[in-house]
There are 2 protein chains.
Amino acid sequence: MDKGSDETEWREDCSPRRILELFSTKWTSMVLHTLHALHQGRARNGVLHRSLPGISKKMLTQTLREMEASGLISRHVAGTVPPAVEYRLTELGHRFVEPVELLYDWARRNDDALDRLGSRKMRS
Amino acid sequence: MDKGSDETEWREDCSPRRILELFSTKWTSMVLHTLHALHQGRARNGVLHRSLPGISKKMLTQTLREMEASGLISRHVAGTVPPAVEYRLTELGHRFVEPVELLYDWARRNDDALDRLGSRKMRS
DNA sequence: CATGGTGGTTACCTTCTGGTGCCTATGTCC
DNA sequence: GGACATAGGCACCAGAAGGTAACCACCATG
């Protein structure tokens, strides 16, 4: 079985499950994408905020802090005059751009399939 | 820019954001994968349960119900004797196997990057 | 002086996620 | 008869995710 069909590979800490954590939560993948596509791996807080419609200041900050903690981005504070902060993709961050783009590209090519998907939320 | 860097493409309902909903939540992608890889698109409840270490009965049922509601799988009840239920990937479900495998394959090839990722959870 | 932009922080609140446990009903095995 | 499996349902509960709103300090503009 060369397609990962071995059940022993399906432990709780296997690679597939770990990558899910990246997408599972919040805005992380969108920040990765934005940093990569729009700004060559670096951008300031305000720019990111404006590039991600719908995100709140709190969530942006929180996401950036978490990404910094996990080593995906680095934070650079410039002259204190008007506190200018720039975030940059780390080398590790650059690597994780690939799966993000893989997925986003697929989505763009298959929006018809996405259209056919029910909302999958059913209350009560 | 040919890489989707146009900000107007980044609306709240764009394809990339919609595909995220599939991965974002729960066990959906793992059920898709299991159904596809282990059982050629069809499997019974108990088999799925045993193939997904860590899932609870409640979450399995709930996930299957949601996937049925969104059209990814179909439910087939056999003879009522011992209620044998089989779930099958629909044609739409088969399409969504592709991005799942794309992502899982990447993860398997890049487990070193995943190892280098911090846990990204930082409480208070 | 009031407003707005920079880059945050904090408190509060709601929703969603997901877990356990116990119940059903049937049939078979020991 | 009692245990087990198959396939759930339902109640209860904890915690995480994530949103809103208000606040901070600083500077510039009108």
Q.
Could you check whether B/His36 and B/Glu101, counting side-chain N and O atoms only, form a donor-acceptor pair closer than 3.5 Å?
A. no
side-chain N/O [X] vs [N] OP1/OP2, d < 4.0 Å:
X: A/Arg75; N: C/dG7; answer: no
X: A/Tyr87; N: C/dG8; answer: yes
X: A/Arg50; N: C/dT6; answer: yes
X: B/Asn45; N: D/dG8; answer: yes

Taking [atom1] from [X] and [atom2] from [N], how many angstroms apart are they, rounded to a whole number?
X: B/Leu20; N: D/dA17; atom1: CG; atom2: C1'; answer: 15 Å
X: A/Glu86; N: C/dT6; atom1: CD; atom2: P; answer: 15 Å
X: B/Leu60; N: D/dG8; atom1: CG; atom2: P; answer: 9 Å
X: B/Leu52; N: C/dG18; atom1: CG; atom2: C1'; answer: 15 Å
X: A/Glu66; N: D/dG18; atom1: CD; atom2: C1'; answer: 11 Å

**Q.** Salt-bridge present (B/Arg42, B/Glu86; N to O < 4.0 Å)
**A.** yes
Q.
Do the side chains of B/Arg116 and B/Asp111 get close enough for a salt bridge, i.e. N-O under 4.0 angstrom?
A. no
**Q.** Given C/dG8, D/dA7, D/dG8, the nucleotide with the shortest approach to the side chain of A/Thr61
**A.** C/dG8
Q: Could you work out which one of C/dG8, D/dA7, C/dG7 sits closest to the side chain of B/Arg44?
A: D/dA7
Q. So, do A/Arg75 and A/Val85 sit near enough that their side-chain heavy atoms are less than 4.5 Å apart?
A. yes
Q: Could you tell me whether the side chain of A/Phe23 reaches within less than 4.5 Å of the side chain of B/Ile19, counting heavy atoms only?
A: no
Can you pull every protein N or O that's under 3.5 Å from an N or O on nucleotides 19-21 of chain D?
residue, atom, partner, partner atom, Å
D/dG19, N7, A/Lys58, NZ, 2.9
D/dG19, O6, A/Lys58, NZ, 2.5

Q: Output yes when a side-chain donor or acceptor of B/Thr63 lies under 3.5 Å from a complementary backbone atom of B/Trp27, and no otherwise.
A: no
